[in-house]
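One structure is given below, encoded as C-alpha cells.
Heavy atoms only: backbone and side chains are in, while hydrogens, waters and symmetry mates are out. Just so you know, these numbers come straight off a predicted model, no measurement behind them.
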Amino acid sequence: MLSPLDFLFFAFAFLIYYYTNLFLLLHFSNQKRVNELKEFKKLPTLSILIPAHNEEKNLGKTLKNLKRLSYPRSRLEIIVIDNASTDKTFEVARKHCVKVLRIEEKGKAKALNIGLRHARGEIIGCMDADSFASRDALLKMVGFFQDPKVGAVTPSIRIQKPKSLLAKFQSLEYLMILWNRKLLDFISSVYVTPGVLSLYRKDVLLQLGGFDEQSMTEDIEIAWRIKEAGYEIRMCYPATTFTRPPLSFKAWWRQRIRWNIGGLQTLLKFKHTIFNPRYGRLGTFISPFFLIGLCISLLGFSVFAWVWGNWIVERILLVQKYLEVGTSPLRSFEFVFLPNVYTYFGITIFSISLLLIATCFRSTGARIGGLKGLLCLLLYLTIYLPLFPINLIHACAKCARRVSEW
Amino acid sequence: MLLKAALISLTIFSIGIALGYWLDELRGKQVISGLEGLLLSWSDVNLLSKYLGVFPQTKELCRYALRKNLEFNEELYRWGVEIERMEEVNKFTPPLLSEKKKYVLLKIQFWFNVIELREVCGFNYSTVVYFYEHFAKEKLKEAEQKAQSTALMELKMELGEQIILIALPLNLDLAILELLKAQFNLTTSPSILINEKVKLEGLQSKTNLKKVLEGFRGV
C-alpha cells in the first residue's frame with residue numbers, strides 16, 4: 001500500500017514532469033525568437049565596473065579584451081575597483097590607463113557600490129576580472145534597454161575550451177544554464193544577473209540603493225530586487241561572455257557553497273514574495289521555483305540517502321546472518337521484472353530528461369564529441385550532478401552556523 | 001504556457017497512476033485465479049490421502065500419493081513467492097490478506113496431510129515447519145528470517161525427499177495458527193518445529209539442523 005514516501009515520490013515526479021515539460025514547451029514555441037536582438041538608435045553611455053581582489057594574473061587580459069570590444073570608446077568608461085588586493089592588481093590596472101579606485105575593505109558588493117558612485121554612464125556593466133566578452137557583446141546587450149521597463153540585461157555565459165574533467169563538467173552545466181535562462185526569459189523569469197557580466201540601468205540601481213553588501217551573492221539578490229521593483233531582466237542569447245571556472249575541486253566546492261548560501265539568503269529575504277501574485281513573476285514563478293528546487297534537492301537527496309543507507313545496512317546484516325547459518329553470502333542475483341507505477345515514472349522521467357538534454361545540445365550547438373564526450377556526459381549525470389544536493393546540505397549547515405567568508 | 005505545462009504534466013502523471021493501478025489489479029487477479037487452481041489441486045491431493053485410509057494401500061500407491069503431495073507443495077511454494085512479490089511491488093490495491101490466509105491454510109492442511117501420509121504409509125521423511133514473522137519490522141529480524149529460510153532451502157536441496165519443508169507466518173490472524181502457537185509454545189521467530197517434536201528457537205545453522213534431523217529415523 002502507499003506510504004508517505006510514495007506520496008513524496010509522486011509529488012517529486014509531478015514537479016519534475018512540470019518543469020521539464022515547461023522548458024520543452026518554451027523551447028519549441030520560441031525557437032525563432034532565441035537570437036532576437038533590439039537595436040538602439042542612440043547608444044547609451046556605458047560604465048563597466050570591475051571589482052578585483054588579487055587578480056594580477058587575469059586583469060590585464062580582461063582589460064585588453066574590453067578595449068577591443070566594438071562599443072564606441074567615447075561612450076565607454078572602464079573602472080577597476082581594487083578590492084583590498086595584496087598583489088599587483090592596482091599596478092596592472094594603472095598600466096591599462098583605466099580609472100582605478102582602491103578600497104581597503106574586502107567585499108565585492110561594496111566595491112561595486114563604490115564604483116557605482118564614480119560611474120558616469122547611463123548603463124552600468126558589472127564584470128568579473130577574469131571574464132572575456134565577445135567583440136559585439138555590449139552592442140548586442142544594450143539594445144534591450146530600449147524598453148524602459150528593462151532594468152538589467154545578461155549575456156550567454158560559457159566556458160571556453162575546457163581541458164580538465166571538472167572544467168568539462170562545468171562547461172556542460174553552463175550550457176544547460178544558459179539555455180534554461182533564455183527559456184525563462186520568454187516568461188520574464190530570469191532570476192539572476194551573473195557577476196561574470198551583466199548590464200544594469202543606472203537609475204534603477206540607484207533607486208534600489210545599489211548592491212546588498214551583506215549578501216554572498218549580490219548578483220542574485222539585486223536581480224530579485226529589480227524584479228520586485230517591477231522591472232524586467234532580459235537575456236541576450238547572442239552576446240557571449242566567457243568565464244574561467246574553478247579548476248580544483250576544493251575551489252569549486254567553495255564557490256558552490258557561496259552560491260548556495262547566497263541563494264538561501266536571498267530566498268529568506270524574499271520569502272514574502274513566494275506564491276504572491278502582487279510581485280508578478282517573482283512571486284508566481286521565480287521564488288516558488290527556487291523554493292521547490294531547494295526542497296527537491298534536500299528532500300530528494302535525504303530520501304535517496306536514507307533508502308540506500310537502509311539497503312546497505314540490510315545487506316550487511318544479511319551477510320552476517322548468512323555466515324551464521326552456514327550458507328554462502330555470495331548468491332546469484334535473480335532478476336525478476338515486476339513493473340509498477342514506479343517503473344512508469346522512472347522510464348518517463350528518464351526519457352523526458354534525455355529529451356531535455358538533447359534539445360539543449362541541439363539548441364546551443366554543442367556536440368557530444370564521440371565516445372569520450374558521451375562518457376563525460378554520463379559522468380556528469382551520475383557523479384557531478386549528485387554532488388549538488390550534498391553541497392547544498394553543507395551550505396545549509398554553514399548558513400545555520402552563520403559563516404560568511406567569501 | 002505555465003498552465004499548458006501543468007496540464008501536460010497532469011496528463012502524463014495520471015496515465016502513470018492509472019497504469020500502475022491496472023498493473024496491480026492484474027497481478028491481484030492472477031494471484032486469485034492461481035489460488036483457485038491451487039484449491040482444486042488440493043482437493044485432488046487431499047482425496048488421495050483419504051483414499052489410502054479407506055482402501056488397501058500398496059507401496060506404489062503410497063509413493064504416488066507422496067509424489068503428488070510434493071508436486072502440490074512445489075506449486076504452493078511458487079504461488080507463495082508470487083504473493084510475496086506482489087505484496088512488495090503493488091502500491092494501489094489493498095494487500096491480498098484473505099488470499100494470503102487461504103494460502104497459509106492450504107499450507108497447514110498440506111502439513112497435516114503429510115503427517116497422516118507418513119503414518120499410513122510408514123514413510124520416514126521429516127517435516128520441518130519454519131515459523132516466521134510476516135512483514136517483520138526490525139531489520140535484524142528480517143535478515144535472520146531471510147538467512148534462515150535460505151539455509152532451509154539449501155538443506156532441502158541437499159536432503160531432497162528426506163525432509164518436507166513448510167513455512168508459516170506466526171502473525172497472521174488465523175485460529176489454527178493461534179492454536180499451534182499455544183500447543184507448541186511458539187513465542188519468537190524464526191522458530192523451527194521438526195517432526196512436531198523438537199522445537200528450535202532463534203537462528204539455526206545448517207549444521208545444527210542436520211544434527212537434529214539425524215536424530216530421527218531414516219535421515
Looking at [options], which makes the most heavy-atom pairs under 4.5 Å with chain B?
options: A:L24, A:T348, A:N340, A:L323; result: A:N340
options: A:T343, A:L26, A:N310; result: A:N310
options: A:L25, A:I187, A:I352; result: A:L25
options: A:G326, A:P339, A:S3; result: A:P339

Less than 4.5 Å to any heavy atom of chain B: does that hold for the side chain of [X], its backbone, both, or neither?
X: A:S29; result: side chain
X: A:F285; result: side chain
X: A:Y342; result: side chain
X: A:Y344; result: side chain
X: A:D6; result: side chain
X: A:V319; result: neither

Value rounded to 0.5 Å, distance of [atom1] in [X] from [atom2] in [Y]:
X: A:N21; Y: B:L10; atom1: CG; atom2: CG; value: 11.0 Å
X: A:L22; Y: B:S9; atom1: CG; atom2: OG; value: 8.5 Å
X: B:K139; Y: A:W311; atom1: NZ; atom2: CH2; value: 13.0 Å
X: A:T327; Y: B:Q148; atom1: OG1; atom2: CD; value: 10.0 Å
X: A:F345; Y: B:I12; atom1: CZ; atom2: CD1; value: 10.0 Å
X: B:Q145; Y: A:L318; atom1: CD; atom2: CG; value: 11.5 Å

Chain A heavy atoms under 4.5 Å from [X]: which part of the residue, side chain, backbone, both or neither?
X: B:E144; result: both
X: B:L140; result: both
X: B:L7; result: neither

So for atom [atom1], which belongs to [X], do other residues, nucleotides or ligands contribute more than 12 heavy atoms lying within a distance under 6.0 Å?
X: A:R362; atom1: CZ; result: no
X: B:E161; atom1: CD; result: no
X: A:F304; atom1: CZ; result: no
X: B:K29; atom1: NZ; result: no
X: B:Y21; atom1: OH; result: no
X: B:R63; atom1: CZ; result: no
X: B:F92; atom1: CZ; result: yes
X: A:F28; atom1: CZ; result: yes

Please find the pair of heavy atoms, one from B:K91 and one from A:V341, that lie closest to each other, and give the distance. CG-CG1, 4.2 Å
Taking the ring of B:F13 and the ring of A:Y18, is the distance between their centroids below 6.0 Å? no
Would a 4.5 Å heavy-atom cut-off, applied to side chains only, mark B:T150 and A:V325 as touching? no
Based on non-hydrogen pairs under 4.5 Å, which of B:G20, B:A6, B:A18, B:A147 is most in contact with chain A? B:A147
